[in-house]
Each structure stands twice: as structure tokens, then as C-alpha cells.
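Working notes for the structure below.
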Amino acid sequence: MDSTNTNEVAHDFPPFIRVYKDGRVERLLGTETIPPTTDPITGVQSKDITISQETGVSARIYLPKITTNSTQKLPLLIYIHGGAFCIESPFSPHYHNHLNLLVSQANVVAVSIHYRRAPEHPLPIAYDDTWEAMQWAFSHKNSDGLEAWLDEHADFDRVFLAGDSAGATIAHNMVRRVGVDGLEGVKIVGIILVHPYFGNNEPSKFLDYIFPTSTGPDDHRIYPAGDSELSTLGCTKVLVFVAEKDGLNDRGKSYHEVLKKSGWDGTVEIVETEGEDHVFHLFNPNCDKADNLVKRMASFIKEN
């Protein structure tokens, strides 16, 4: 085979992916993984489970340090990782360490979802996979599911969703779907959107490529500003984080304003971190501002 042809680039979207004409996809970031652990600092335990053998949808589950013989039920956090819908995973060191810290501070059971990623699996597959994973988690609501950590410790009357960047976009869409379609036996209290990656009025070749069936700015799955069903959002609390130097800053602020004016019967709050860029808390988790962000996420869960 001519190696020149195999290395010919068809699509290049730095710093995320490069797609070659022979169909290969090279991920330029977010490929490192680490195994589940018992974290020596927080005592948080984690383990990996497969949700669908057919699709490969899976999750990393987290359990905070539990007092021996404790029967207290804890809030359930569904976490959806970012990465422009095409890189990263729950098994990345960035996300694993972030969840360890968040689970410890918020005292929650967490399910961090591994959805199939674009471009091999174009949007909206990630949305469908996340919904499937949520339904698997919620199947434990009567304490008779297959996963003991969820059966024994998760409170399905106190469910929260959280995500960063593309994961925040997915989280919003999941709660929107709950509002439109309903959800029996489970109460989603709130969502946390960290630096959400929504579309705006500017053309995006990248979004066109990874979401070829999207209808554009009137597609609520990427563009919530024009969503006629936004007022039905299936929770009562929303917390939005934006970062001052983030190129997506205006999109998070726009979402906050549009949701407030939509007629939705809930409370939305926005927090802006000065002097920081997109998902800074993942890349510099030991800085004071990252610490404050995680503490605010945890307090949002504890207060509600």
C-alpha cells in the first residue's frame, strides 16, 4: 500500500482530531487513561461497568467513603465528560481525579458515562448513549438492580446531572428530554453546566462534520436559544459556570438569559471565573479558582 495515500488528511480539526482519507481517526488530545482505584487521599472508590455489550456504552462509578454499616442514601450524580464530542473519556486522568474530588466534597454516588464519540459515531449518538446509560442507572430505583453501589446507596429522589463543555450540552439535552417525555420514579433536582459548548449564529464546519443530520440554528440539541420547549426543562435548579477568557463565555451567558426568560419554573444561577480559560479546573486542579469551582458544585448539590 502506498504510505503517502494512507497519510493524506481528509479533515483536520486541531487540537481535537485529524481524519485521514483512508478513514483513520487520530485523536490529538485526551487519549490517556488510568484504572479505577480507591483514592488514597479522599477514600473514594471507583469501578468500571459495561452498560451495553452491543454498543460498548460503559461508565465509571464512584462511591464516597462510607461509614461502616451506614444505611444513609446519598444523592446520585450523573456526570458527562466534555471533549468536543470527540475526545476524552471518564477514564482520563483529568476526569478521574475531578470526580474523586467532587464525589468526596459533595458526598454523592456518581456515574460517569462513557458515550460513543464522533466522528466514528456522529451526533446524536452520544445523546442516545447517555440516555441509555441514565436509564440503566435509574433501573436501580427500587433497589433491585444489578449494581450494588446504586441499589444500596443512591437516592433517586435527589438526582443531579453535571457536565463540562460538550458534556454540559449533553446534560442540558437529557434534562430537556426528561421535561418533555417525563421520568417515572426518579426526581432530577438540578443540573450543573460547566463552560457549556452550545452553538451560536456563526457557521461551524466542525459541528457540521460531527453532526451531519443537524438542521442548524433551529436544532435545539445544539442551539437551545431558539427552543420552543425550553420552559419544560425537567429540573428545578440550574447552575451555569463560565470563564472570563473562554471563547464559549458568551454562549453560557446567553443560555442563562434565555432560560430565565423562557417561562421555565425554576431557578438558574451563573458563576463567572475571572482570568481563566475553558475547563481550566481540569488542567490546573490545584489552583484556588479550581478549588472554588468544585466547592461551589458540591455546595449546589448539598443545598438542594
To the nearest 0.5 Å, what is the distance between [atom1] on [X] and [atom2] on [Y]?
X: L230; Y: R176; atom1: CG; atom2: CZ; result: 8.0 Å
X: C235; Y: I191; atom1: SG; atom2: CD1; result: 4.5 Å
X: Q53; Y: S58; atom1: CD; atom2: OG; result: 10.0 Å
X: L63; Y: S46; atom1: CG; atom2: OG; result: 10.0 Å
X: N97; Y: S92; atom1: CG; atom2: OG; result: 8.0 Å
X: L193; Y: L239; atom1: CG; atom2: CG; result: 8.0 Å

Would you mind writing out the side-chain donor-acceptor pairs for residues 98-115 within the sub-3.5 Å range, not counting sequence neighbours?
residue, atom, partner, partner atom, Å
N100, ND2, H96, NE2, 3.3
Y115, OH, H81, O, 2.8

[X] atom [atom1], neighbour heavy-atom count above 12 within 6.0 Å:
X: E274; atom1: CD; answer: no
X: K289; atom1: NZ; answer: yes
X: D288; atom1: CG; answer: no
X: D218; atom1: CG; answer: yes

*May I have all residue pairs that pass side chain to side chain donor-acceptor pair (under 3.5 Å) and include part of residues 119-134, sequence neighbours excluded?*
R27-E120, R116-D129
*Can you run down the side chain to side chain donor-acceptor pair (under 3.5 Å) pairs that involve residues 235-245, sequence neighbours left out, and say none if there aren't any?*
none
_Shortest non-hydrogen contact from R158 toward N304_ = NH2-C, 3.7 Å
Going by salt bridge (charged side-chain N to carboxylate O under 4.0 Å, His left out), name the pairs with one or both residues in [range], residues two or more places apart or in two chains.
range: residues 183-210; value: none
range: residues 79-98; value: none
range: residues 50-64; value: D48-R60

*Evaluate the salt bridge (charged side-chain N to carboxylate O under 4.0 Å, His left out) criterion for residues E147 and K47: first the C-alpha distance (whole Å), next the side-chain angles of each, then the deciding distance (0.1 Å), finally the verdict.*
CA-CA 11 Å; E147 175 46 56; K47 61 181 173 180; 2.8 Å; yes
*Report the residues that fulfil side chain to side chain donor-acceptor pair (under 3.5 Å) with D164, sequence neighbours left out, ordered by chain and then residue number.*
Y79, Y95
*Residues in salt bridge (charged side-chain N to carboxylate O under 4.0 Å, His left out) with E257, at least two apart?*
K260
*What residues form a salt bridge (charged side-chain N to carboxylate O under 4.0 Å, His left out) with K73, not counting sequence neighbours?*
none
*Step by step, would you call F280 with T273 a side chain to side chain contact (heavy atoms under 4.5 Å, CB included)?*
CA-CA 10 Å; F280 70 93; T273 307; 3.6 Å; yes
*Residue list, side-chain contact (heavy atoms from CB on, under 4.5 Å) with S139, at least two apart or on another chain*: none
_Going by side-chain contact (heavy atoms from CB on, under 4.5 Å), name the residues that satisfy it together with A166, two or more places apart in sequence or in a different chain._
F85, Y197
_same_hphob_cluster(F283, V194) at 4.5 Å side-chain heavy-atom cutoff_ = yes
_Check for me, please, whether V189 and V178 land in the same ILVMFWY cluster - side-chain distances under 4.5 Å, paths through other members count._
no
*Return the set of residues passing ring pair (Phe, Tyr, Trp, His ring centres under 6.0 Å) with W136 (not counting sequence neighbours), or none when no residue passes.*
H140
*asked:* If you take the centroid of each ring, where Trp contributes its six-membered ring, are F198 and Y223 closer together than 6.0 Å?
replied: no
